[in-house]
Structures are given as C-alpha cells and as structure tokens.
Amino acid sequence: MLLNASVPLSVDFHAWEDYLIFTFHILFATCAVPIAGSVVVAISCTRSLRGQNRFIFMLNTSVSDTLTGFSVYYLGLFDVQEGYPSRNGTYYILPSFLGVNVLTFLFAQFDRYFAVCHPFFYNRHVTRAAVIGICAFCWIYTYSIVTAQNLVPISMAAQINAFGVMTLQIIVFVKVLMTIKLYIIARSHLGREAPSSERDNKKESLRIIVFVVISFLALWCPSFINIILRQLTRKGMRFRNEATNLFASMARLNALVTPSVYIWGSPALRQAVWRTVWRRVFSCRRGARFGFHSDDEAASA
C-alpha cells in the first residue's frame, strides 16, 4: 500500500498481525509524545525543578523521548529500514535519539553517585551550568558520530558503526555496575543518615535512576544482543523494516516508560506536570463543553 506513490506503508494489511502492528505504533506514538512532552513542559516551567541537577537530566531525556515519539509516526507507519544499505531511511538521525538517552543515563548515574557519596565535592564542582554542558555534550557527540557516518564512504561508515557498537558495549557494562553500586548505596549509605528532606530527595532520586536504568536495559538489551549476533555471526534475527522489528520497538518503548517512571517516582514532578499541563488541558476541555451547552441553551431560549 502506497501513500502519495512514494514511501509505502510499513505493512500490507493482508493479515491480522499487520493491523496489530500498525495500531500499536499509532497508539505508542500518541501516548509517548504527550507524556514525555508534559515532563518537558513541567520542568521547563517550574523554577524549583530547573534548579536541581537531577531534573536537568530528566529534561534532557524527556526531550529525546518526545522526539522519539514523533519519530515513530514515520519509523513505525512507513516502510523504513535503517542500515547499510538503507531503504527510505533517515541516515540514523531518528534512531540516534536512543544514543542520547544512553549517554544521559550514564552521566545521571555518576551525578547521583557523587551527590550521595561525595556531597562536598559535588556541591562545589557539579554546577547547573556543568550539567547543562554535559547534556549538550550528549547531543553533540551522538550526532557528530551520525554526521561522520553520513559523510564517509559506506565501508568506512560500517566501521564507524561497529566502533559505536563496541563503545556501547562498554557503556552498558558500566551502567550495569553503576546500577548495582547505586542500589547498594540506597540500601546502606542513606540508611545511616538522619531523617531529613535532603535524605528523602537523595533516596527518591536514586530510586528513580535505578528503576529507569533497569527498565531501559531490559527493553533495549534484546536489540543490542541481536545487533551483536548479526555483526559477529550473521545469525541474528532480521526484520522486513523498522516497524516489524520487535527488538527496535521494545527499545523505543523507553520513550514511554522513562517519563512515566519519572512522574511516578517524583511527587514534585507529578505535581508540576498536573499544574502546568494536564489541569489546564482538562480545564479547557471542560470549559469548552460547558460553553457549548450554554450556547445551545441560549439558542433554544
């Protein structure tokens, strides 16, 4: 099935699975964009949240998650295959939002480690400007690699891609170690501190980052393992396009899971999201409905 006689849709609608895949991507994108976007708006509009480093990292990943949600309207609904060679691809621009999140989560883990275990060093050196610079570095580094891949010959681009996969293996290994370390800190180090609001904030932030990283690795690792198998043994699973790629779809689910964990784990963020976004949305809808009824009543009178 073609749309505008150019890029075909991702499925042919010859079987019930095609309808299921197409509907899933529509629902996923439609849910991910407002949820991740509401986190972006809430943090951006709330000064008390913008002043905390951990929320800057949340803002960075939520921007990436919002863009990932939008990207699914193309990657999930049309016949797109990224790779060498690609088909109707985006030169890895859209899939690389995941790479931004990988780096951001890694730096966020180190941020929480130093905040809890080395508070004096953290308060002196890890400033808000430094965190913003780190978040900017995640974007610059990721898309510098993407730009380099798109400017060199395909053979060299494949080598750069293989180097990126190897680097990713190292990052994932470090993330696993840091997750274990942060869990131990949350259980032992914070348990010895006297009850206080600062202790509660540290515990909350550790809980969020541990949950986020575990869910991220659980959803993303199948795709990562399949990529390694395909490059080393040529025996990994291959899919018709990005929409039918089960592992890639699981990885993109982080765009919905991550902001949901943020909202669930942080009462301050949850309140800000309700106050700045959803309360206004529901108020506008309720006002429009009441206004519509009032106009009908006036007309009937």
Side-chain angles (χ1 to χ4, degrees), residues 10-12 15 17-18 20-22 24-25 28 32 61 64-65 68 71-72 74-106 109 138 141-150 152-180 212-258:
S10 57
V11 293
D12 297 324
E17 296 91 345
D18 296 339
L20 181 63
I21 292 172
F22 202 79
F24 165 78
H25 288 297
F28 165 65
T61 59
S64 176
D65 291 334
T68 298
S71 73
V72 173
Y74 180 67
L75 296 177
L77 303 185
F78 296 95
D79 184 28
V80 179
Q81 182 65 56
E82 301 281 2
Y84 302 103
S86 66
R87 184 176 67 255
N88 303 319
T90 65
Y91 303 100
Y92 278 106
I93 293 175
L94 299 185
S96 294
F97 294 135
L98 180 64
V100 175
N101 276 2
V102 170
L103 288 176
T104 304
F105 288 145
L106 179 64
Q109 286 180 292
C138 294
Y141 174 81
T142 299
Y143 283 96
S144 295
I145 298 297
V146 173
T147 302
Q149 287 183 239
N150 293 323
V152 300
I154 293 180
S155 59
M156 186 175 296
Q159 294 177 358
I160 295 176
N161 187 55
F163 172 78
V165 172
M166 182 183 66
T167 304
L168 215 52
Q169 294 180 26
I170 299 174
I171 293 177
V172 169
F173 180 72
V174 175
K175 286 169 70 67
V176 172
L177 294 181
M178 286 300 299
T179 301
I180 297 173
V212 164
V213 173
I214 290 176
S215 62
F216 185 89
L217 292 175
L219 291 172
W220 184 81
C221 273
S223 177
F224 180 63
I225 294 173
N226 187 56
I227 292 174
I228 295 176
L229 289 176
R230 287 174 54 182
Q231 291 188 343
L232 297 181
T233 66
R234 306 291 182 180
K235 294 182 179 180
M237 296 182 63
R238 298 181 181 274
F239 300 90
R240 184 175 59 189
N241 51 38
E242 295 294 324
T244 58
N245 189 333
L246 174 62
F247 300 142
S249 298
M250 289 178 61
R252 286 192 290 267
L253 271 176
N254 282 287
L256 178 60
V257 173
T258 300

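Being a predicted model, the structure only gives us computed values, none of them experimental. Position 1 is the first residue of the sequence, and the numbers go up from there. In what follows, every heavy atom counts, from backbone to side chain, and hydrogens, waters and symmetry copies are set aside.
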Working for side-chain contact (heavy atoms from CB on, under 4.5 Å), residues Leu217 and Phe224: CA-CA 9 Å; Leu217 292 175; Phe224 180 63; over 6 Å; no
Taking salt bridge (charged side-chain N to carboxylate O under 4.0 Å, His left out) as the cut-off, I'd like each qualifying pair that reaches into residues 85-101, sequence neighbours left out, listed once. Asp79-Arg87
Under the side-chain hydrogen bond (donor to acceptor under 3.5 Å, both in side chains) rule, collect the residues that match up with Thr244, sequence neighbours excluded. Asn241
Starting at CG of Leu246, measure out to CG of Asn226 and round the result to the nearest 0.5 Å. 9.5 Å
Restricting to side-chain hydrogen bond (donor to acceptor under 3.5 Å, both in side chains), what partner residues turn up for Ser249, sequence neighbours left out? none
Partners meeting side-chain contact (heavy atoms from CB on, under 4.5 Å) with Leu177 (sequence neighbours left out): Phe173
Listing request: all side-chain hydrogen bond (donor to acceptor under 3.5 Å, both in side chains) pairs with a residue in residues 89-103, at least two apart in sequence or in separate chains. Ser64-Asn101, Asp65-Asn101, Glu82-Thr90
Please enumerate all residues that pass ring pair (Phe, Tyr, Trp, His ring centres under 6.0 Å) together with Tyr141, with sequence neighbours excluded. Phe137
Compare every heavy atom of Ala243 with every heavy atom of Gly76, then report the nearest pair and how far apart it is. O-CB, 3.2 Å
Among all residues two or more places apart in sequence or in another chain, which pass the side-chain contact (heavy atoms from CB on, under 4.5 Å) test with Leu253? Phe24, Phe28, Leu219
Sub-4.5 Å side-chain heavy-atom contact between Val102 and Phe216: yes
Those residues at least two apart in sequence (or on a different chain) that pass side-chain contact (heavy atoms from CB on, under 4.5 Å) with Ile225 are Leu229
The residue among Val100, Thr104, Leu98 that forms side-chain contact (heavy atoms from CB on, under 4.5 Å) with Thr142 is Val100
Which residue pairs pass the salt bridge (charged side-chain N to carboxylate O under 4.0 Å, His left out) test with at least one member in residues 241-251, sequence neighbours excluded? Glu242-Arg252
For the atom pair CG (Asp12) and CD (Glu17), what is the distance rounded to the nearest 0.5 Å? 12.0 Å
To the nearest 0.5 Å, atom CZ of Phe105 lies from atom CD1 of Ile171 at 13.0 Å
How far does CG of Asn150 sit from CD1 of Ile93, to the nearest 0.5 angstrom? 6.5 Å
Looking at Ala255 and Ala32, what are the two nearest heavy atoms and their distance? O-CB, 4.1 Å
Are more than 12 heavy atoms from other residues, nucleotides or ligands located less than 6.0 Å from atom CD1 of Ile154? no
By ring pair (Phe, Tyr, Trp, His ring centres under 6.0 Å) - contacts of Phe97 (at least two apart): none
Shortest non-hydrogen separation from Pro222 to Met250 and the atoms involved: CG-CE, 3.9 Å
Between NE2 on residue His25 and CG on residue Leu20, distance to nearest 0.5 Å: 9.5 Å
Got a sec, which residues hit side-chain hydrogen bond (donor to acceptor under 3.5 Å, both in side chains) with Thr61, two or more places apart in sequence or on another chain? Tyr262
Once rounded to the nearest 0.5 Å, what's the spacing between atom OG of Ser10 and atom CG of Asn245? 12.0 Å
Does anything in residues 226-245 form a ring pair (Phe, Tyr, Trp, His ring centres under 6.0 Å)? List the pairs, not counting sequence neighbours. Phe239-Phe247
Output yes when a side-chain donor or acceptor of Asp18 lies under 3.5 Å from a complementary backbone atom of Val11, and no otherwise. no
